[in-house]
There are 2 protein chains.
Amino acid sequence: MDETDWALLAHLQENSRLSLRELSRRVHLSAPAVAERVRRLEESGVITGYHAAVDLEAAGRPVVAFIRMSCYGSHCVLRDPDVPSWPEIQEIHRVTGDACSLLKVATGSMAGFERLIDRLAPYGQPSSTLVLSTPLARRPVIPEP
Amino acid sequence: MDETDWALLAHLQENSRLSLRELSRRVHLSAPAVAERVRRLEESGVITGYHAAVDLEAAGRPVVAFIRMSCYGSHCVLRDPDVPSWPEIQEIHRVTGDACSLLKVATGSMAGFERLIDRLAPYGQPSSTLVLSTPLARRPVIPEP
DNA sequence: ACTGAAATAGTCACTTA
DNA sequence: TAAGTGACTATTTCAGT
């Protein structure tokens, strides 16, 4: 990871649909050189994918929340392979502390949110925190000083 | 938002570097028709951007955590316009409950994490939860049933 | 929303430092 | 090993339908 790799990474984090040619102009390299560097960033696992970001409210899911799950031993949500495919669940993190996992969820309505809580309750105690707004949705990763 | 729009959205959430031509093949439309639909998804605010996803550990920031900030009135982190530019802070959400905000942070080391906590402490009481692993990093948004 | 043409971009083989 | 060049293919974009 030299300075050029970090520059490419910065540009692709900001706009992943930039053409390799446009990237090559921005970092002052030829297009094949950029293509090779990007390929290596992907292969080394630094870049894990390219994704369109969707506004949850505009997409009909205005109720966004974080749910801390304190699961009952073997019933843990982390152990059920079906849970990650529930469409309301956006992220699942295994965490330290008294909760075993932290979920980010998005539903179309409060009623939908209530139904989700009901479906989660058998796994353990859910503790919900609603998101009012998101002043910073994502920050690009930059090199450490 | 018809079925074709949702199909385009699904493909672009999975891989935002797909060419319009490739998208057009997948949804059985011409390239210009797809270009116009994608442009409208962007303009209507459903698609807010396209971003390369970076593996925080591979990028040198293995310590990932959520921090709930219970701020002291007017010293709230949400009120300080400088905080969102701190490079360790990945996300800021304003939330309900006894905490005023939930931060997602990533640092290069535990020492770096400790320094971050020290910088946050003046704003309020930070309560940290370390991320052990992320079984589900992102789920594509799909239409509600 | 499609077609077709012109401009732009991606990719591969090969050369250079 | 990393980057540049040129030829060829694919994609983007725009006008007209």
Side-chain angles (χ1 to χ4, degrees), chain A residues 1-55 57-61 137-138 140-145, chain B residues 1-62 87 108 137-138 140-145:
Chain A
M1 292 285 292
D2 62 12
E3 213 171 282
T4 305
D5 286 325
W6 280 110
L8 291 171
L9 204 54
H11 289 303
L12 286 172
Q13 287 182 90
E14 200 216 307
N15 179 6
S16 63
R17 281 186 73 78
L18 287 175
S19 67
L20 295 174
R21 254 195 139 76
E22 176 58 27
L23 286 170
S24 76
R25 283 189 283 263
R26 296 189 184 193
V27 303
H28 308 296
L29 253 74
S30 68
V34 167
E36 175 63 14
R37 277 173 180 267
V38 171
R39 196 192 59 74
R40 283 218 301 261
L41 286 169
E42 293 164 355
E43 203 156 279
S44 67
V46 174
I47 294 177
T48 61
Y50 304 95
H51 310 282
V54 171
D55 183 296
E57 186 165 354
R61 295 182 179 270
R138 120 189 34 249
V141 179
I142 60 173
E144 280 202 291
Chain B
M1 289 285 294
D2 62 11
E3 214 172 281
T4 304
D5 286 326
W6 280 110
L8 291 171
L9 205 53
H11 289 303
L12 285 171
Q13 286 182 92
E14 200 215 306
N15 180 6
S16 63
R17 282 186 73 78
L18 287 174
S19 68
L20 296 173
R21 186 76 186 81
E22 176 59 26
L23 286 169
S24 77
R25 282 189 284 261
R26 297 189 184 192
V27 304
H28 308 295
L29 250 67
S30 67
V34 167
E36 176 62 14
R37 278 174 181 266
V38 171
R39 196 193 59 74
R40 285 217 297 262
L41 286 170
E42 294 164 355
E43 205 155 276
S44 68
V46 174
I47 293 177
T48 60
Y50 304 95
H51 309 283
V54 170
D55 183 296
L56 291 168
E57 186 164 352
R61 295 181 179 270
R138 121 189 34 250
V141 179
I142 60 174
E144 280 202 290

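Protein chains get the first letters and strands the later ones, always in sequence-line order, with residue 1 at the start of each. Keep in mind that this is a model prediction, so the values were computed, not measured. Quick note: numbers below take in every heavy atom, side chains included, and nothing from hydrogens, waters or symmetry partners.
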Of the listed nucleotides ([options]), which one gets closest to any side-chain atom of [X]?
| X | options | answer |
| --- | --- | --- |
| A31(B) | dT13(D), dT11(C), dC2(C) | dT13(D) |
| R37(B) | dA1(C), dT11(C), dT13(D) | dA1(C) |
| L20(B) | dT11(C), dT13(D), dA1(C) | dT13(D) |
| L29(A) | dA3(D), dC2(C), dA1(C) | dA3(D) |
| P32(A) | dA3(D), dT11(C), dC2(C) | dT11(C) |

Heavy-atom nearest nucleotide on DNA chain D for E36(A) versus R17(A): which residue maps closer to 5'? E36(A)

For [X] and [N], what is the distance between atoms [atom1] and [atom2] respectively, to the nearest whole Å?
| X | N | atom1 | atom2 | value |
| --- | --- | --- | --- | --- |
| L8(A) | dA2(D) | CG | P | 14 Å |
| L18(A) | dT12(D) | CG | P | 14 Å |
| H28(A) | dG4(D) | NE2 | P | 12 Å |

Does [X] reach the side chain of [Y], with side-chain heavy atoms less than 4.5 Å apart?
| X | Y | value |
| --- | --- | --- |
| R25(B) | L20(B) | no |
| I142(B) | R61(A) | yes |
| Q13(A) | H51(B) | no |

Is the distance from OP1 or OP2 of [N] to the nearest side-chain N or O of [X] less than 4.0 Å?
| X | N | value |
| --- | --- | --- |
| R39(A) | dT11(C) | no |
| R21(B) | dA9(C) | no |
| R25(B) | dT11(D) | yes |

If you look at every strand shown and take non-hydrogen atoms under 4.0 Å, does S19(A) touch a base, only sugar-phosphate, or nothing? sugar-phosphate

Flag, side chain of S16(B) to backbone of L12(B), donor-acceptor distance under 3.5 Å: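 Side chain of S16(B) to backbone of L12(B), a donor-acceptor pair under 3.5 Å: no, none is there.
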
